[in-house]
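Below: one structure, written as structure tokens.
Just the heavy atoms: all of them, side chains too, but no hydrogens, waters or symmetry mates, feed the values below. Residue numbering restarts at 1 for every chain, and letters A, B, ... go by the order of the sequence lines.
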Protein chains: 2
Amino acid sequence: MLLSKSCVYGLRATLYLATKPGGEFTPIKKMSEKLEISFHFLTKILQQLTADGMLESFKGPNGGVRLTKPGSKIKLIDVVLAIDGPKLLTECALGLPGCGLKNPCPLHDKWAETRDSIRDMLQNTSLSDLAEKGEKENLRLTEDGDFEELLRN
Amino acid sequence: MLLSKSCVYGLRATLYLATKPGGEFTPIKKMSEKLEISFHFLTKILQQLTADGMLESFKGPNGGVRLTKPGSKIKLIDVVLAIDGPKLLTECALGLPGCGLKNPCPLHDKWAETRDSIRDMLQNTSLSDLAEKGEKENLRLTEDGDFEELLRN
DNA sequence: CTAATTAGAGACTCTTTTGTCTTAAAATAA
DNA sequence: TTATTTTAAGACAAAAGAGTCTCTAATTAG
Ligand code: FES
Ligand code: FES
């Protein structure tokens, strides 16, 4: 799999937060229900993003989490790096240590090219891009749901 | 990680076999030493490829495994599909079931594009392509080795 | 102040992946 | 035939990933 489950959950969660006005905190409990992700597991993942500075949290009634920057400023790559780390974009496709031009494997050139296209996609796509597209086309962020349902309430 | 460890080992092993003349069997023990992969683990992986029909095996002295087709006819995608299955090329980037045009997620279009470039790379590269490149440029298939060393003996 | 609500932290379990080991079966060589 | 070499098969263990649960700390509402 390209991205870990944690990373995918993190993406869906931050994408959901990107649909919210900046000021308000969204409780993780609500997010976990909307996104159909285990509450405790999602909590752990969002804690990483909070520690990373991408989210800020607030305890108590009316508490929750929110993005620290507008969704247009957060690229998918930021979430991926915060959760899965840089391995996807730095490791040798054949698993050899020290991928790079000094000591390449036979697949290096082709993999470097492919990897660049993955990186470009993640770098050129912001949370807002996806949120807007999702809203405009009423796309899903869960197995059966749609965007309208996600935004309701 | 893009490919599982098993898959990467399978690629390195078949790539090594592609450097051999077609007729002869190479013992897995020797491959495991050349490639610095655990013998028993490599055996299990190559058994999958044998079951899949990509390799044939022969027991006893002078036994081993060999490719059933010339390396120029085996594409990387064949090895990947045999070991990791089609998930990489069919699954939703956000982990939702049933990736496809009928019910896409907001990332679908961009991911489909990126996925195509991964698939194209795997489909357009044969074991021989890599073996020839490796030999010409004396590249490595292990942490510290080089191709010349691989071919010796 | 007290009760309720929320995130934080960490122990714990379950599953999958990765890796090891032992025994059996096939083939050869002497 | 007997010993040796090799793959086949499968049990087993270790590590990593995924998911659950409990308790604590902060904050607010009443
Ligand atoms: S060294 Fe293998 S992909 Fe770079
Ligand atoms: S539905 Fe998500 S990538 Fe296709």
From dG19(C), dC21(C), dA29(D), pick the nucleotide closest to the side chain of His40(B)?
dC21(C)
Could you state the atom-to-atom distance from NZ of Lys29(B) to P of dT5(D) in whole Å?
12 Å
Counting N and O atoms only, with roles assigned by atom type, does the side chain of Thr68(B) sit under 3.5 Å from a partner on the main chain of Gly53(B), one being a donor and the other an acceptor?
yes
What is the nucleic acid contact for Leu46(A), judged by heavy atoms within less than 4.0 Å: base, sugar-phosphate only, or nothing?
nothing
Taking the side chain of Lys59(A) as heavy atoms from C-beta outward, which of dG19(C), dT6(D), dT6(C) is closest to it?
dT6(C)
How is Phe25(A) classified with respect to the nucleic acid when contacts are heavy atoms under 4.0 Å: base, sugar-phosphate, or nothing?
nothing
Determine, for Arg119(A) against Asp116(A), whether the closest basic-nitrogen to carboxylate-oxygen distance falls under 4.0 angstrom.
yes
Nearest-Å distance, CZ (Arg66(B)) to P (dT7(D))?
13 Å
Whole angstroms only, please: what is the CD1-C1' distance between Ile83(B) and dT18(C)?
14 Å
Looking at Arg66(B) and Glu24(B), is there a salt bridge between them, counting it only when a charged N and a carboxylate O are closer than 4.0 Å?
no
Heavy-atom distance under 4.5 Å between the side chains of Leu76(B) and Asp129(B), does that happen here?
no
Taking CG from Leu2(B) and C1' from dT17(C), how many angstroms apart are they, rounded to a whole number?
16 Å
Would you say dT20(D) has OP1 or OP2 under 4.0 Å from some side-chain N or O of Ser38(A)?
yes
Are the side chains of Glu149(B) and Arg152(B) in touch, meaning some heavy atoms are under 4.5 Å apart?
yes
Compare all side-chain heavy atoms of Leu17(B) with those of Met31(B) and state whether any distance is below 4.5 angstrom.
yes
Quick one: on DNA chain C, does Gly60(B) or Lys87(B) contact a more 5' nucleotide (nearest heavy atom)?
Lys87(B)
Phe39(B) vs Lys44(B), nearer the 5' end of DNA chain D by closest nucleotide:
Phe39(B)
Among residues 4-16 of chain B, which contact DNA chain C at a heavy-atom distance under 4.0 Å?
Ser4(B), Lys5(B), Ser6(B), Tyr9(B)
Among dT5(D), dT20(D), dG19(C), which nucleotide has an atom closest to any side-chain atom of Pro61(B)?
dT5(D)
Among dG8(C), dT4(D), dA8(D), which is the nearest nucleotide to the side chain of Gln47(A)?
dG8(C)
Can you check the Asp52(B) CG to dA8(D) P distance for me, whole Å?
14 Å
Donor-acceptor check, side chain of Arg140(B) to backbone of Phe147(B), threshold 3.5 angstrom: yes or no?
no
Among dA8(D), dA11(D), dT28(D), which nucleotide sits nearest the side chain of Ser57(B)?
dA8(D)
Round to the nearest Å and state the distance from Lys30(B) atom NZ to dT5(D) atom C1'.
15 Å
Atom-to-atom span, CG of Leu42(B) to P of dT18(C) - whole angstrom
14 Å
Closest to the Pro27(A) side chain, choosing from dA18(D), dA7(C), dA8(D)
dA7(C)
Heavy-atom side-chain contact between Tyr9(A) and Ile83(A) under 4.5 Å
no
Could you work out which one of dT28(D), dA7(C), dG19(C) sits closest to the side chain of Ile28(A)?
dA7(C)
Measure CZ/Phe41(B) against P/dT16(C) and give the value in whole Å, please.
16 Å
Whether Thr43(A) contacts dA7(C) is assessed here as follows: a side-chain N or O lying under 4.0 Å from the phosphate OP1 or OP2. Is that the case?
no
